[in-house]
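Heads up, the thing below is written out as structure tokens.
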Protein chains: 2
Amino acid sequence: MNSNHSAKDQHLCEACLFKRLSTNFISTDDFCHIEKHTQQLRYKKGDTILKQGANTTHLVFLFKGIVKFEFENTNGKNLILTVVSAPKLLGGANMFYKNQNLFSICAVEDCDVCFIELNVFREILLKNSRYALMLFEKASEMFKVSILNFISLAHKQIHGRIADILIYLAESVYCSRRFDLSLTRKELADFAGCSQENVIITLSKFKKEGIIKMEKKDFEIVDYDKLLTISKIG
Amino acid sequence: MNSNHSAKDQHLCEACLFKRLSTNFISTDDFCHIEKHTQQLRYKKGDTILKQGANTTHLVFLFKGIVKFEFENTNGKNLILTVVSAPKLLGGANMFYKNQNLFSICAVEDCDVCFIELNVFREILLKNSRYALMLFEKASEMFKVSILNFISLAHKQIHGRIADILIYLAESVYCSRRFDLSLTRKELADFAGCSQENVIITLSKFKKEGIIKMEKKDFEIVDYDKLLTISKIG
DNA sequence: ATCGAAAACTGAAATATTTCATATTCACTT
DNA sequence: AAGTGAATATGAAATATTTCAGTTTTCGAT
């Protein structure tokens, strides 16, 4: 089932955003060292990129595609912690903690990623504290997003939570009020922490009230302000 | 109402855990530099130590007492993100992010804390990357706890959430199965993300079933295994 | 010691959410 | 082109949770 294979048409590191960002902080030599211990891979929609419970040995730079962070419960229930789109450095939360992956990272769209060896990366961080601090700021930013998700989940009802998710997807994942949703209704439910049926009912309601247009996977936020209001009142 | 005052009987830095931990990684000179830019303060139960929305200018080392991390919503609802007891370095999440406090930190027991100037601390981190990475690891650990809270909240019902909270308090805050709870029932509700009444009903149920003993603020976990089971099935 | 405000508690009604049963559509394989 | 399983959709019943109204208890300030 795991259909990744070394990408034939390798993206050149020259064009890579991560390289451009990094070489503002570290020497070209240091980046080359990272590059030597990096493997480029391609994943199909549905593939698992990092598996919950496995040892954290690599950092992942997502340079194309969309992934979900998914926590699988012992009783089979899933929870999606967040959804992010390229370009993004993944594993920030665990980046500096030698341990097991807290959650899985799965492709919800075809993805191209680079696997960077963590121990090599750590060496570079030790040599370049300014770089380390910059990356930690980025990780803190991700932490912030998680906290806000957490808050939404904790004291909003379904309408507010679904509104939050639609806003988040439009703002931070698809960067457009109209998008072709990569997630199933079930995955939306895992994201909102509710039942599938409740997602469907709520989306239908938003559609009836003219807040969104929705045709299968094709979504468009029509009344953004109303969505913000729903988010606010919870 | 803010009843903090410079502690008369200052704790000596010599005895401080934070100093002992730090000087494993940085020079005594560097630690003295931190010390010079540190202020020791005492807070009463109920006082706010760091205010949500204020600029993050200091790191806080809590060396005595218990605090809650509280997010205040626009519509007046509160959410407690976590509760931690001394000794602990607070502000790890925002530590390397020059910004506003995402949430308030309030004393739920009388607290003694040291305020450390963030810009001074940053300098030291830049000079001592090994120290920085060690602190990142600690911050990541806190992040992990938040994620697990988040998961509990997201797909457990009240029984499971209250069980989780009791386990957490016993294990990580009071370090004993019997404890004098510093939080009100309302605060427990803010922690569990539910109504006050629901907390009371659930605790009464646990008491009736012989899982806990509870007399006012005096709590004791009697049947720890049953609590674990409840936590597991959600 | 007393007063008043805040906290703890209880039961009933209202509301939100899940579960279950069933139908339809969609995507994909043969 | 037909068949299969997954995804989407809908309504009703069961369950969980909140809200409300009212009572008792606790705790700190005077």
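Here is how names work: the chains are called A, B, and so on, in the same order as the sequence lines, proteins then strands, and each is numbered from 1.
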Legend entry - Heavy-atom check, side chain of B:F71 versus side chain of B:I80, under 4.5 Å: no
Legend entry - Nearest-neighbour nucleotide for the A:N198 side chain, D:dT26, D:dA9, C:dT18 considered: C:dT18
Inset, instruction - Output the single nucleotide from D:dT25, D:dT8, C:dA8 whose closest atom is nearest the side chain of B:K216. - result: D:dT25
Inset, instruction - When you get a sec, tell me which of C:dT10, C:dA16, D:dT10 is the closest nucleotide to the side chain of A:Q157? - result: C:dA16
Legend entry - Euclidean distance, atom NZ of residue A:K45 to atom C1' of D:dA7 [Å, nearest integer]: 12 Å
Legend entry - Ring-face cation of A:R178 near A:F219 (centre distance under 6.0 Å, axis angle within 45°): no
Inset, instruction - Send over the distance from A:R161 CZ to D:dT17 P, rounded to a whole Å. - result: 12 Å
Legend entry - Separation of C:dA6 C1' from B:L183 CG (nearest whole Å): 16 Å
Inset, instruction - From the options C:dA8, C:dT10, D:dT8, select the nucleotide whose nearest atom is closest to the side chain of B:E197. - result: C:dT10
Legend entry - Neighbours of DNA chain D within residues 184-195 of chain A, by heavy-atom distance under 4.0 Å: A:T184, A:R185, A:K186
Legend entry - side-chain N/O B:S204 vs C:dT10 OP1/OP2, d < 4.0 Å: yes
Legend entry - Contact under 4.0 Å: B:K217 side-chain N or O vs C:dA8 OP1/OP2: yes
Inset, instruction - Indicate yes or no for a side-chain donor-acceptor contact from A:Y168 to the backbone of A:V83 under 3.5 Å, with no hydrogens or angles considered. - result: yes
Inset, instruction - First locate atom NE2 of B:H159, then atom OG of B:S231, and finally report the distance between them rounded to the nearest 0.5 Å. - result: 13.5 Å
Inset, instruction - May I ask you to say whether A:R42 pairs ionically with A:D112, meaning some side-chain N is under 4.0 Å from a carboxylate O? - result: yes
Inset, instruction - Send over the distance from B:L203 CG to C:dA7 P, rounded to a whole Å. - result: 17 Å
Inset, instruction - Measure from the side chain of B:I158, starting at C-beta and using heavy atoms only, and say which of C:dC9, D:dT17, D:dA9 lies closest. - result: D:dT17
Inset, instruction - May I have the distance from A:I201 (atom CD1) to C:dT15 (atom P), rounded to whole angstrom? - result: 17 Å
Legend entry - Distance, rounded to the nearest Å, where A:L153 contributes CG and C:dT17 contributes P: 12 Å
Inset, instruction - In whole angstrom, give the distance that lies between atom NZ of A:K156 and atom C1' of D:dT18. - result: 18 Å
Inset, instruction - Carefully, step by step, assess A:S182 and A:Y174 under the rule side chain to side chain donor-acceptor pair (under 3.5 Å). - result: CA-CA 10 Å; A:S182 331; A:Y174 298 106; 2.6 Å; yes
Legend entry - Salt-bridge criterion met for A:E187 and A:K68 (N-O under 4.0 Å): yes
Legend entry - Spacing of B:K207 atom NZ relative to C:dA8 atom C1', expressed in whole Å: 12 Å
